[in-house]
Structures are given as structure tokens and as C-alpha cells.
Amino acid sequence: MRFWLLRSEPDVYGWDHLIRDGETEWDGIRNYTARNFLKEMTPGDRAIFYHSNKEKAAVGVMEITRAWKPDGENGTWASVAVRPIEKLPTPVPLATIKAEPRLATLEVLRQSRLSVTPVRDAEWAVLMELGGLG
DNA sequence: GCCAACGTTGGC
DNA sequence: GCCAACGTTGGC
């Protein structure tokens with residue numbers, strides 16, 4: 001099982017939308033690096049739901065429920081399906097993530113504009129700990 | 001509102 | 001194929 005971080009603007013599609021939908025298609029990604037990560041996902045993988053923009057915090061845990069399928073007209077892009085598992089008892093703000101030495105290597109910090117990034121096992125454990133699911 | 005980062009585009 | 005210009009995005 002692998003771990004990921006998926007970012008979305010909460011005004012556009014946030015955790016509450018995911019709860020309402022129960023399961024959703026993580027589509028509309030139009031960045032090649034992000035798409036390649038989507039293609040690496042397998043059912044059962046876990047992902048942090050991160051709210052960008054005004055909130056800037058990790059807010060919940062999701063499960064990848066279906067491997068990628070083509071997204072869009074020409075088959076260039078990919079989407080996966082996700083479902084919510086659990087809301088983080090304590091959302092983890094970006095400031096906290098940046099201040100945590102054990103998260104210094106977190107990929108989303110290194111490539112801040114990527115909306116789909118991998119999370120290493122050790123980093124995942126730290127994020128769960130900070131989020132109150134340790 | 002601005003800026004930094006960085007992906008994309010188009011001219012050469 | 002290179003690179004400057006431009007557009008987009010997210011954080012501050």
C-alpha cells in the first residue's frame with residue numbers, strides 16, 4: 001500500500017463535498033507529473049486530503065477505490081476514484097507541516113504546485129500523529 | 001495584491 | 001532542440 005497527498009481548494013471541492021458524495025472521481029488533473037502519480041495508485045492506497053487556498057491544512061484521510069482510467073477527450077489524462085475514510089480529529093495546518101523536521105522531505109513542500117504527490121511511510125505516520133490518528 | 005515557482009508555448 | 005515569454009497556481 002502506498003500513501004499520497006491530494007490537494008483541492010475547499011471552495012471548489014472540499015472534504016464536506018466528499019462526505020456528501022460518499023465516493024468521487026478525482027479528475028480534472030492537467031499536469032503530467034501529477035497524472036503519472038495518479039497512474040501509480042492502486043486500490044487500497046491511502047491519501048491525505050489537503051485543503052489549499054484559505055485553509056491550507058490536511059483535513060482527512062481517503063482511500064483510493066479504483067485504479068486510474070482515462071480522463072478527458074484524447075486519453076491523455078487520468079483520474080482515480082476515492083472515498084473518505086476518516087476526518088482528522090486535528091487538522092494539520094501547512095505551518096505545522098513546515099515546522100516539523102520529520103516532514104522536511106515531504107514532496108508537496110518540495111514541489112508546492114503539484115496537486116498530487118507521494119507521501120513516504122514515515123511521513124505518513126507523522127502526519128497521522130499530528131492529525132490525532134496516531 | 002504580489003511574488004515565486006514552474007509548466008507550457010512559440011519563435012528561432 | 002533551446003530558450004524567452006507568458007500563464008497559472010498557491011502561499012504570504
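Residue numbering restarts at 1 for every chain, and letters A, B, ... go by the order of the sequence lines. Because only heavy atoms are used, hydrogens play no part in the values below, and waters and symmetry mates are left out as well, while side chains stay in.
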At under 4.0 Å between heavy atoms, which parts of nucleotides 6-12 of chain C does protein reach? Answer with one letter per nucleotide, 5' to 3': B base, S sugar-phosphate only, - none.
-BBBSSS
Where does the angle between the aromatic ring planes of A:Y13 and A:F49 fall among parallel (under 30°), tilted (30 to 60°) and perpendicular (over 60°)?
parallel
Is it true that A:Y32 and A:W77 have ring centroids separated by less than 6.0 Å?
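Yes, close enough.
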Sequence neighbours excluded, which residues qualify as side chain to side chain donor-acceptor pair (under 3.5 Å) partners of [X]?
X	result
A:E86	none
A:T90	none
A:E63	A:R83

Residues from residues 10-18 of chain A sitting under 4.0 Å of DNA chain C, heavy atoms only?
none
Please write out which residues are connected to A:I85 in a hydrophobic cluster, directly or through intermediates, given that two of Ile, Leu, Val, Met, Phe, Trp, Tyr count as joined at side-chain heavy-atom separations below 4.5 angstrom.
A:M1, A:F3, A:L5, A:I48, A:Y50, A:V61, A:L88, A:V92, A:L94, A:I97, A:L103, A:L106, A:V108, A:L109, A:V119, A:W124, A:V126, A:L127, A:M128, A:L130, A:L133
Looking at side-chain heavy atoms only, is the closest gap between A:V82 and A:E23 below 4.5 Å?
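With C-beta onward as the side chain, the pair stays apart.
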So A:R110, base contact, sugar-phosphate only, or nothing? Heavy-atom distance under 4.0 Å.
sugar-phosphate
CZ of A:R110: more than 12 outside heavy atoms within 6.0 angstrom?
no
